[in-house]
Amino acid sequence: MILQFWLVVILLLIIASVIFVLPFVRTNKNKTSIKKEDRMSRNQLNSDLYAIRLAEIEQDDAQGLIIDKEKIIAELQHNLLDDINETESSIETKKRSLIWLPGLLVLILGSVGMYLSVGGYKEVKKLAHVLDNYKALQSKLFDKSKKTPTKQELKDLALGLRVHLTEKPNDEYAWWVYSRLEMMFGHYGVATDAIDKAYALDSKSIDIRLIYIELKMQSENIDDQNQANKMLRVLLNEDPKDVYAWSLYAFMAVQAKDYKLAISRWKKMLTLVEPHSKKAKVIRDSIVFAEGKLAKKTNEQLVANQRSSQQNSATKVNEKNTVTNNANPQVAAINGYKIKIDVSDAVVIPKNGYLFVFASPVGVAMPVAVIKMKIPLFPVVVSLSDANAMIKGTKLSDYPKLVIKARISPSGNVAHRQGQWEGQSKVLKRIDSHQLTLKISQHL
């Protein structure tokens with residue numbers, strides 16, 4: 001390819017040189033022709049004058065007017081030779097004919113130098129190298145006995161495939177390989193375009209269908225995801241032992257956060273691979289991952305149910321306290337506090353921190369009721385009541401004096417005081433109002 005490139009370059013330079021030189025050659029030829037005609041006219045005139053002068057000398061000699069006839073004729077002939085110029089100096093003619101040579105050298109050397117400095121010669125050379133090694137790189141990619149290709153080799157292979165596909169756009173296998181490479185580089189748009197072309201050329205190939213399904217699964221379009229789901233079920237009906245298809249099927253369940261279904265599909269995969277193979281280990285690790293997600297999801301659901309139950313209980317208590325409050329408002333007020341919490345301008349709010357709101361009896365370090373939540377948007381209003389008691393059966397009304405604190409913790413650990421911000425109420429008695437305002441401003 002490099003040889004072809006330089007042949008084209010030389011041909012273009014020859015054409016440019018001919019275009020450059022041709023005006024000079026034509027001009028020089030015309031000037032030479034004109035000067036030759038001028039010389040011929042002048043020489044003819046001199047010859048005619050010589051003949052006339054010679055005739056006059058003969059007449060004068062016949063009349064006896066000339067003393068030294070031979071000397072006069074010799075002098076006349078000498079003058080004639082001086083006036084006649086048959087050819088120009090060869091050196092002068094050569095210089096005039098080569099006046100275009102410096103310009104031609106500047107054209108050729110300047111063009112080549114400019115291209116080598118700012119042109120795409122390096123890219124052309126690299127492309128030639130890639131195309132020379134294209135087949136070897138392709139075989140290295142799929143030959144497990146050979147060393148794994150480097151990232152640069154994979155990029156070179158993708159470049160070679162692009163050139164190959166411009167020459168053979170109906171090569172569905174090349175489109176499939178190209179799509180897989182672009183997926184490895186994270187270029188999913190290019191990979192999707194490539195696999196669409198491969199699928200249009202061969203919609204029966206299992207390899208092409210699998211990549212086609214995988215890319216459709218990663219699409220944000222719901223229709224594409226549904227199409228991928230249907231195609232995958234059809235493919236598994238045709239070949240129920242295809243491990244890669246089952247892997248996509250399990251990933252589809254993970255994508256839908258149906259971890260129980262994903263576990264069942266991975267367990268099916270375990271029956272299709274060697275028990276002690278790397279694939280089996282990866283599958284078992286995936287099952288452990290899904291089981292952890294499932295347990296977390298179950299715990300979150302239990303916590304949500306428990307929180308809902310506590311809120312229902314608190315509602316019933318509040319309703320009961322409301323009835324009691326009509327008879328003795330001072331006793332009822334202590335069963336719960338409605339607290340508005342804000343922060344000062346100096347507080348640095350951590351991005352993933354937590355807010356703790358807790359009530360502690362005066363003289364006791366351990367809180368008796370606690371609320372923990374992720375950092376909310378301030379100001380925020382929370383309710384602290386008997387439903388938030390640390391110990392079952394404990395009531396806020398059991399303590400005559402309380403202090404309520406609001407603390408921001410970046411670590412989620414209320415006991416770890418470094419970097420925390422806090423605000424606290426005054427000492428509250430049972431007869432105090434159950435509506436408070438706290439401002440977090442103190443850096444611990």
- request: Please name the pair of heavy atoms, one in Ile283 and one in Trp266, separated by the smallest distance, quoted to 0.1 Å.
  value: CG2-O, 3.3 Å
query: With distance as the sole test, does Ser247 use its side chain to make a donor-acceptor pair with the main-chain N or O of Val243 at under 3.5 Å?
result: no
- prompt: Parallel under 30°, tilted from 30 to 60°, perpendicular over 60°: which one fits the rings of Trp421 and His443?
  reply: tilted
message: One pair to check against side-chain contact (heavy atoms from CB on, under 4.5 Å): Met269 and Thr271. What are the steps and the verdict?
response: CA-CA 5 Å; Met269 286 177 65; Thr271 64; over 6 Å; no
message: Side chains of Tyr244 and Glu214: any donor to acceptor distance under 3.5 Å?
response: yes
Ring-face cation contact, Phe356 with Arg407, 6.0 Å cut, 45° max: no
- request: Mark yes or no: Lys372 above the aromatic ring of Tyr354, with NZ or CZ under 6.0 Å from the six-membered ring centre and no more than 45 degrees from the axis.
  value: yes
- request: Please determine if Glu238 and Arg233 form a salt bridge, counting it only when a charged side-chain N lies under 4.0 Å from a carboxylate O.
  value: no
- prompt: Just wondering, do Lys338 and Val381 contact through their side chains at under 4.5 Å, heavy atoms?
  reply: yes
Residue pair His164 / Ala174: nearest heavy atoms and the distance that separates them: CD2-CB, 3.7 Å
statement: Smallest heavy-atom separation, Ala198 atom then Trp175 atom, equals CB-CB, 3.7 Å
- line: So CG of Leu210 and OG of Ser205: to nearest 0.5 Å the spacing works out to 8.5 Å
message: Could you check whether any side-chain heavy atom of Asn226 comes within less than 4.5 Å of a side-chain heavy atom of Ile222, counting everything from C-beta outward?
response: yes
- prompt: Is any NZ, NE, NH1 or NH2 atom of the basic residue among Asp193 and Lys197 found under 4.0 Å from an Asp or Glu carboxylate oxygen of the other?
  reply: no
query: How close do Val347 and Ser441 get, heavy atom to heavy atom, and via which atoms?
result: CG2-CA, 4.2 Å
query: Do Ile206 and Leu235 touch side chain to side chain, with heavy atoms closer than 4.5 Å?
result: yes
query: Are the side chains of Ile339 and Thr437 in touch, meaning some heavy atoms are under 4.5 Å apart?
result: no
message: To the closest 0.5 Å, what do you measure between CD1 (Ile404) and CG (Leu402)?
response: 6.5 Å
- prompt: Hey, mind stepping through Val382 and Met373 against side-chain contact (heavy atoms from CB on, under 4.5 Å) and telling me if it holds?
  reply: CA-CA 10 Å; Val382 300; Met373 66 176 70; 3.5 Å; yes
field: Minimal non-hydrogen separation, Pro240 against Trp246, with atom names
entry: O-NE1, 2.8 Å
- request: Using modelled atom types only, decide if a donor and an acceptor are shared between the side chain of Ser203 and the backbone of Ala200 within a distance under 3.5 Å.
  value: no
- request: Indicate yes or no: at least one non-hydrogen side-chain atom of Val348 is less than 4.5 angstrom from one of Ile408.
  value: no
Met184 vs Arg180 side-chain heavy atoms within contact, under 4.5 Å: no
query: To the nearest 0.5 Å, how far apart are CG in Leu438 and CG in Asp342?
result: 10.5 Å
field: Interatomic distance, Ile287 atom CD1 to Arg265 atom CZ [nearest 0.5 angstrom]
entry: 13.5 Å
Min side-chain heavy-atom separation Gln435-Tyr337 under 4.5 Å: no
- request: Write down the atom of Ala250, the atom of Ala262, and the distance for their closest heavy-atom approach.
  value: O-CB, 3.8 Å
message: Applying side-chain contact (heavy atoms from CB on, under 4.5 Å) to Tyr212 and Gln227, what does each step give before you reach the verdict?
response: CA-CA 10 Å; Tyr212 186 85; Gln227 182 188 5; 3.6 Å; yes
- request: Answer whether the closest heavy-atom distance between the side chains of Lys374 and Leu355 falls below 4.5 Å.
  value: no
field: Distance (rounded to the nearest 0.5 Å) between Leu272 CG and Lys267 NZ
entry: 15.0 Å
message: With rounding to the nearest 0.5 angstrom, report the OG to OH distance, Ser179 to Tyr188.
response: 10.5 Å
Backbone N/O of Ser385 and side chain of Asn388: donor-acceptor pair under 3.5 Å: yes
message: Walk me through whether Val370 and Leu384 qualify under side-chain contact (heavy atoms from CB on, under 4.5 Å).
response: CA-CA 7 Å; Val370 177; Leu384 185 68; 6.0 Å; no
